[in-house]
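A note on names: the letters A, B, ... follow the listed sequences, proteins ahead of strands, and every chain is numbered from 1.
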Amino acid sequence: MEDFLNELNEEQRKAVLATDGPVLIIAGAGSGKTRTLTYRIAYLIKKQLAKPSEILAVTFTNKAAREMKERLTTLLGSQALPLWMGTFHSVCARILRTEAEHIGLSRNFTIYDVDDSVRALRKILSSKGLSPQKFNPKVVQSRISRLKNHFVLPENLLEQELDDEYDQIVAEVYQAYMAFLKKNEALDFDDLLIRPIQVFDDFPEIKAKYNKKFQYILVDEYQDTNHAQYLLLKRLVNERKNLCVVGDEDQSIYGWRGADIKNILNFNRDFPEARIFKLEENYRSHNNILQAANAVVRNNKSRLGKNLWTRKQDGPKIKLVVADDEADEALKVVEIIHDEMYTHKRSFKDIAILYRTNAQSRALEDQLRRNAISYTIIGGVKFYDRKEIKDVLAYLKVLVNPADSVALRRIINFPLRGVGETTVNKIERFAEMENITLFDALGRVEEVANISATMGSRVKQFYLMMKKFMELKDELNAVELASTLVSEAGIMHHYQTEYDQYESESRIENIKELFATMEQFTREREGEGRDSDLAAFLEEVSLMTDIDTWNESSNAVTLMTLHSAKGLEFPVVCITGLEMGLMPLQRTSADLKELEEERRLFYVGMTRAMESLYLTYAKYRRRYNAGTYNTPSLFLDEIPTELLEFKTRIAGTRGASRGKRKTERKAKLEAYFQNDDQNQDRSGEFFVGQKVYHETFGKGQIIQLEGSGDKMKITVHFGRDGITKKLIKKFANLTPLEEN
DNA sequence: CAGCTGTATCTTTTT
DNA sequence: GATACAGCTG
């Protein structure tokens with residue numbers, strides 16, 4: 001017992017030992033926050049202050065929850081398993097499923113993701129005759145989500161007179177949307193948080209049950225909780241107020257999602273008796289990295305302030321790398337990777353490449369692939385967002401919850417069975433008249449007016465097939481059910497025949513991977529003695545993010561957004577795209593609050609690095625159609641010059657600037673931009689990124705230029721055959737193609 | 001009336 | 001540079 005207390009520093013130990021009453025732990029980046037939390041839980045259990053089942057620990061991602069659970073199992077064995085650990089959303093889903101019968105909710109409710117919500121709203125808006133130009137479904141979705149995050153319900157809005165016409169309509173649509181969800185027995189992400197609050201308020205006996213159950217509550221990443229989560233916590237905490245929250249206001253990066261930094265800043269106003277501990281020793285990063293990060297975040301006004309320090313050596317300077325454009329930036333990233341591998345004996349998995357927007361990954365991917373560097377991408381098109389996965393899941397969702405019309409509409413004519421929009425609309429109108437679900441209406445298709453006999457039998461055939469599988473639901477386990485369904489419904493056949501070989505293989509591969517995940521899920525859940533049925537699996541999947549499925553052990557460079565990188569660490573980190581307009585993002589620079597969040601985001605990125613940190617930016621970058629010339633991010637100016645090394649080439653040469661003075665560096669940067677303009681304006685010449693045509697190879701794109709004049713070597717990637725060729729200008733006979 | 005083809009429209013970050 | 005939708009065709 002005491003052994004593991006010795007593994008903590010004094011402040012961490014104090015935080016672990018302060019078991020009772022409200023506790024706020026301000027934990028700087030890399031200060032051993034997870035370790036402190038884990039040991040605190042272990043301590044509670046070992047000292048028998050609480051049974052595992054009386055502890056609730058809320059983490060920010062499912063992955064964090066899984067890892068903490070593993071650590072606890074290592075410390076305590078399987079006795080720790082009954083504790084509740086998960087994200088707010090998964091914990092809420094669990095409560096709602098447990099209490100479903102008492103609160104008028106189907107146990108098999110579907111969870112709608114943003115995409116589903118937008119689909120639903122699109123339908124509602126058009127049925128109200130509102131133009132999608134003026135009332136963009138995505139905008140309306142985010143407005144409603146925002147309202148929900150602030151626990152504002154449609155009835156609160158409608159009872160007051162709203163000045164703004166737009167707000168008035170949003171309020172009406174909001175109400176219709178809630179009715180739609182109810183009819184479909186669906187909850188969206190925000191409902192998962194809101195419904196338990198309502199349940200606790202409406203059913204005191206249920207609130208009492210959970211108050212009794214959860215004697216100790218711990219919340220990680222408290223700076224990123226929103227108002228609804230705050231209200232929920234207030235209800236979950238009982239009179240003992242054993243609430244321990246851990247967070248770092250400098251790492252609050254989810255304001256746009258409704259996270260309220262005030263939750264952490266005002267914690268001791270909510271709980272005046274709260275004890276506060278500050279973890280300020282950083283165990284992760286070399287001193288240079290830490291000092292640079294500190295210097296950047298110091299420019300923020302809204303913070304509690306702390307002094308993060310380390311015993312570690314200074315380490316190498318932070319390398320600032322300038323690139324011509326995004327392809328060149330990617331090329332330089334490749335050089336960085338090579339250099340780190342050969343001169344510092346790193347492997348792929350030690351390296352992370354971070355960026356502000358997912359779209360930036362493309363250029364990086366291209367270059368990594370060409371240089372045979374294995375990589376994994378987190379985010380972007382998520383595994384569970386892939387079309388084939390969504391298709392299969394939609395089938396399963398309908399099996400579990402036939403009332404889910406969004407899923408049903410997705411599959412009713414997939415694979416194509418000749419049942420189109422018009423027919424579905426007719427049946428839907430019938431369903432509304434009869435006050436039954438769309439699915440039940442399919443079974444009575446012969447009663448629907450104006451539907452031909454052939455059409456009717458197509459619909460009926462689909463209905464009967466689904467019905468049959470619904471009956472098989474209890475006989476087969478989740479994987480058996482899913483795989484039989486997928487072949488019988490013709491999905492496998494569809495993917496085998498409708499696409500080229502490469503795509504077909506990868507899609508089928510993905511479906512198989514889904515089945516493998518299901519199997520693993522079933523095993524794990526059975527081990528814990530929890531629900532392992534299809535409904536439970538779908539719930540888990542709905543709340544899963546890319547990072548949760550990330551396999552750290554595979555040896556590959558990791559690519560992800562700065563947001564996804566929160567909570568992770570890598571020996572080598574490279575943050576790309578450090579230009580004005582991208583980092584900070586264009587629309588954020590006007591608003592000080594948003595600018596500060598961008599700065600925190602950069603801070604989060606920097607503090608992921610343990611040993612080396614590279615910062616790159618491109619002077620020119622293509623975004624949508626037009627490209628833009630960019631100036632370096634203002635955040636770069638906030639890093640003390642003596643901590644920076646200015647690199648124009650990565651390996652071999654010492655291209656580093658000796659310029660220690662800011663002005664000198666600025667002059668250098670400006671010189672770069674001058675150069676660049678000339679480069680780009682040389683009409684008739686070739687440039688990197690240019691599209692060209694070659695007699696034998698067809699259309700291609702220049703990815704590298706070496707030398708000059710007729711002897712210039714031009715490396716071109718030809719998309720058609722996916723090959724890359726190095727050509728001599730004189731002989732290649734390349735024709736430049738018009739842009740676009 | 002289903003299904004295909006071409007055009008318009010956007011791209012911040014995610015539970 | 002992918003997706004959604006309108007409009008056309010069979």
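Using the six-membered ring where Trp is involved, A/Phe602 and A/Phe635 have ring planes that are parallel, under 30° apart on the 30 and 60° scheme.
In the set B/dC1, B/dT14, B/dT15, B/dT15 carries the atom at the smallest distance from any side-chain atom of A/Val114. Proximity note for A/Thr357 (side chain, C-beta onward) versus B/dC1, B/dT15, B/dT12: the nearest is B/dT12. Here C/dA4 is the nucleotide among C/dA4, B/dT13, B/dC1 with the atom lying nearest to any side-chain atom of A/Arg122. The listed nucleotides are B/dT13, C/dG1, B/dT15; the one nearest the side chain of A/Arg362 is C/dG1. The listed nucleotides are B/dC1, B/dT11, B/dT15; the one nearest the side chain of A/Arg257 is B/dT15.
In this structure, CG of A/Asn136 is placed 18 Å from P of B/dA8, rounded to the nearest angstrom. Between A/Leu416 atom CG and B/dC1 atom C1' there is a gap of 13 Å when expressed in whole angstrom units. Distance CG (A/Leu562) to C1' (B/dT14): 14 Å, rounded to an integer number of Å. Per the geometry, OH belonging to A/Tyr603 stands 19 Å off C1' belonging to B/dT13, to the nearest Å.
Under the rule for a salt bridge (charged side-chain N to carboxylate O under 4.0 Å, His left out), A/Arg417 has no partner lying at least two apart in sequence or in another chain.
The residue A/Leu192 sits apart from the nucleic acid: no heavy atom pair falls under 4.0 Å. Counting non-hydrogen atoms under 4.0 angstrom, A/Asn413 reaches the backbone sugars and phosphates but no base. Residue A/Ser564 is in sugar-phosphate contact alone, with no base atom involved, counting any heavy-atom pair closer than 4.0 Å across all strands shown. A/Ser90 comes within 4.0 angstrom of nothing in the nucleic acid, heavy atoms only. In this structure, A/Lys426 reaches the sugar-phosphate backbone alone: every heavy-atom distance under 4.0 Å involves primed, P, OP1 or OP2 atoms, never a base.
The base of B/dT12 lies outside donor-acceptor range of the side chain of A/Trp256, with no N or O pair under 3.5 Å.
Under the 4.0 Å criterion applied to side-chain N and carboxylate O atoms, A/Glu221 and A/Lys33 are assigned as salt-bridge partners. Salt bridge annotation for A/Asp188-A/Lys148: present, with a cationic side-chain nitrogen under 4.0 angstrom from a carboxylate oxygen.
Contact check, A/Asn62 against B/dT15: no side-chain N or O comes under 4.0 Å of OP1 or OP2. In terms of phosphate contacts, A/Asn358 brings a side-chain nitrogen or oxygen within less than 4.0 Å of OP1 or OP2 of B/dT14. Remark: A/Thr561 is in phosphate contact with B/dT14, judged by side-chain N or O atoms under 4.0 Å from OP1 or OP2. Side-chain N/O atoms of A/Thr423 include one lying less than 4.0 angstrom from OP1 or OP2 on B/dA2.
Once the 5.5 Å centre distance and the 30° plane angle are applied, the aromatic ring of A/Phe88 is found not to be stacked with the base of B/dT15.
Taking the six-membered ring for Trp and the full ring otherwise, A/Tyr112 and A/Tyr177 have centroids separated by 6.0 Å or more.
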